[in-house]
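Each remark here refers to the structure printed beneath this line.
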Amino acid sequence: MARVHLQHISKTYSGATEPVVKDFNLDIEDKEFVVFVGPSGCGKTTTLRMIAGLEDITGGDLVIGERRVNDVAPKDRDIAMVFQNYALYPHMSVYQNMAFGLKLRKVPKAEIDKRVHEAARILDIEHLLDRKPKALSGGQRQRVALGRAIVREPQVFLMDEPLSNLDAKLRVQMRAEIRKLHQRLQTTMIYVTHDQTEAMTMGDRICVMKDGIIQQADTPQVVYSQPKNIFVAGFIGSPAMNFIHGEIVAEGSHFYFRAPNVSILLPEGRYNVLKSSGVIGKKVVLGVRPEDLHNEEVFMSTYPEAVLGAKVEVVEHMGSEVYLHVNTGSTPIVARVNSRFSFHPGSEVKLAVDLNKIHIFDSATEESIGFSTATEKSEVTV
Ligand SMILES: Nc1ncnc2c1ncn2[C@@H]1O[C@H](COP(=O)(O)OP(=O)(O)OP(=O)(O)O)[C@@H](O)[C@H]1O
């Protein structure tokens with residue numbers, strides 16, 4: 001069991017002029033499950049490979065447990081890595097695949113046997129121990145790959161998109177299995193994915209990356225309800241947060257968000273935030289999550305000066321709810337509303353904005369001014 005501390009870590013590949021990981025600082029605590037998430041090419045795998053020792057670290061310090069391990073060989077870091085492509089040996093049985101790493105380390109036979117059977121039991125693959133990988137399904141192969149990591153009893157598990165070759169249903173199932181495995185093994189886990197849903201559902205903390213830089217590292221709830229900038233706000237959550245470009249206007253003693261066809265009276269309780277952020281009279285981006293737009297009368301009367309008029313363009317039925325694609329006349333917006341209401345393309349709707357949940361970003365910096373009062377959502381929808 002171990003903490004993993006990354007201090008000012010950077011990576012520039014040889015021959016390249018620009019670093020692909022820049023001043024990466026993150027303290028991952030013992031037993032924590034941290035997910036690196038971000039779009040393709042943002043440096044997730046490179047960072048994970050530096051932790052594993054499979055890539056040299058250009059700058060900074062990497063500490064695992066109490067040791068600085070920048071120059072420690074991968075095999076001596078006490079970590080195990082699970083890859084996307086499983087990397088099983090095709091000519092070996094499941095048992096041999098799981099035992100192989102221990103055999104190389106000259107672990108006594110009886111101990112190997114004990115650990116392989118214990119891991120197989122945890123992963124429910126005891127009945128497959130004599131099979132070759134080609135006689136296994138994708139999900140079973142992934143379990144074997146996990147099993148091979150478990151038997152090593154490492155201090156830290158590193159996983160690089162381990163579920164991306166599985167079909168959607170199995171992926172959801174394996175997500176929960178890996179979470180359970182983490183609870184059971186109580187080991188530090190670092191997991192890489194480009195899938196925000198996977199990140200939100202699995203991580204104790206998620207580290208959102210873009211262009212080699214950490215944008216935000218926090219619990220899924222905080223990242224969801226208090227995104228630090230437009231990138232994080234748009235990347236986390238599905239359907240994505242709506243963004244309306246406009247400005248903050250002062251009228252008498254009130255402040256409004258105004259955009260073409262949109263006027264929202266901002267809540268007085270947050271005027272101090274507006275004033276101290278310096279966005280009054282300036283261009284801003286208003287962010288509203290699809291579930292924070294409401295067509296029920298009760299919301300219209302609660303927020304009478306925060307109602308958007310829009311035309312319905314597309315109605316997507318999702319079972320208990322409907323994704324309503326509307327247009328304010330200048331901005332396309334998606335709302336998640338209850339399916340007991342019926343909507344028709346071409347008709348007009350009114351949507352009240354939940355003023356406790358709105359986000360305001362400074363257009364110049366794309367940073368959040370910290371307007372939303374929601375610190376934590378009771379239900380996180382991803
Ligand atoms: N061996 C290499 N030599 C040079 N550049 C590399 C090498 N490996 C990766 N890169 C570059 O480093 C950047 C980060 O790549 P990395 O694989 O870490 O991203 P990622 O976030 O894991 O992406 P993905 O989700 O697509 O795997 C990319 O621009 C990539 O082209």
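As the structure lists them, so they are numbered: ligands from 1, and atoms in each ligand from 1. This is a predicted model, so every value here is computed, not measured.
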Neighbour count >12 (heavy atoms, 6.0 Å) for atom CG, Asp56: no
Neighbour count above 12 (heavy atom, 6.0 Å) for Asn272 CG: yes
Heavy atom of protein closer than 4.0 angstrom to atom 13 (C) of ligand 1: yes
Enumerated ligand 1 atoms positioned under 4.0 Å from heavy atoms of Pro39: 21 (O)
Test item: Ser368 side-chain N/O and Lys228 main-chain N/O as donor-acceptor pair under 3.5 Å: no
Protein residue, atom and distance nearest to atom 23 (O) of ligand 1, heavy-atom basis: Gly41 N, 2.7 Å
Straight-line distance of Leu181 CG to Phe33 CZ, nearest 0.5 Å: 9.0 Å
Phe231 side chain reached by Pro39 side chain, heavy atoms, under 4.5 Å: yes
Ligand-residue contact atoms, ligand 1 with Thr46, heavy atoms, under 4.0 Å: 14 (C), 15 (O), 16 (P), 18 (O)
Protein contact to atom 26 (O) of ligand 1 [nearest heavy atom, distance to 0.1 Å]: Ser40 OG, 2.6 Å
Val20, portion touching ligand 1 at heavy-atom distance under 4.0 Å: side chain
Thr45: numbered ligand 1 atoms lying under 4.0 Å from its heavy atoms: 17 (O), 18 (O), 20 (P), 22 (O), 27 (O)
Atom 31 (O) of ligand 1 touched by protein (heavy atom, under 4.0 Å): no
Protein residue, atom and distance nearest to atom 25 (O) of ligand 1, heavy-atom basis: Lys44 NZ, 2.9 Å
Tyr224 six-ring centre to Arg289 NZ/CZ under 6.0 Å and within 45° of normal: yes
4.5 Å side-chain heavy-atom contact, Met159 and Met202: no
Tyr13 N/O to ligand 1 N/O under 3.5 Å: yes
Glu118 bridged to Arg115 by N-O distance under 4.0 Å: no
Ligand-side contact atoms (ligand 1) for residue partner Cys42, heavy atom cut-off under 4.0 Å: 19 (O), 20 (P), 21 (O)
